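Just below is one structure, and these are the notes that go with it.
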Amino acid sequence: MFPTIDKRKTGTNLRRIMDKRGLTVKDVQQYLGLGSVRPVGCEKEAGSIGRKTEYSSH
């Protein structure tokens, strides 16, 4: 059984923590070692918090 993640609450909480610590999407990208800010910033930038985002399986 897999846990259910509430994307809206997770995004809201992530944004709250980022704002509290003065972090940018780029800061989180670098910390996580991501090649693109899309996984971090797509919900905020696209205004799609809570909507399913599909990624390539490659």
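Heavy-atom basis, side chains included; hydrogens, waters and symmetry copies ignored. Keep in mind the model is a prediction, meaning the values are calculated, not measured.
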>> The criterion is salt bridge (charged side-chain N to carboxylate O under 4.0 Å, His left out); which residues satisfy it with D19, sequence neighbours excluded?
In response: R15

> With the 4.5 Å side-chain cut-off for hydrophobic clustering, are M18 and Y31 part of the same group?
Replying inline: yes

> Does Q29 reach the side chain of T24, with side-chain heavy atoms less than 4.5 Å apart?
Replying inline: no

>> Could you work out, with side chain to side chain contact (heavy atoms under 4.5 Å, CB included) as the rule, every residue matching R21, not counting sequence neighbours?
In response: I17, L23

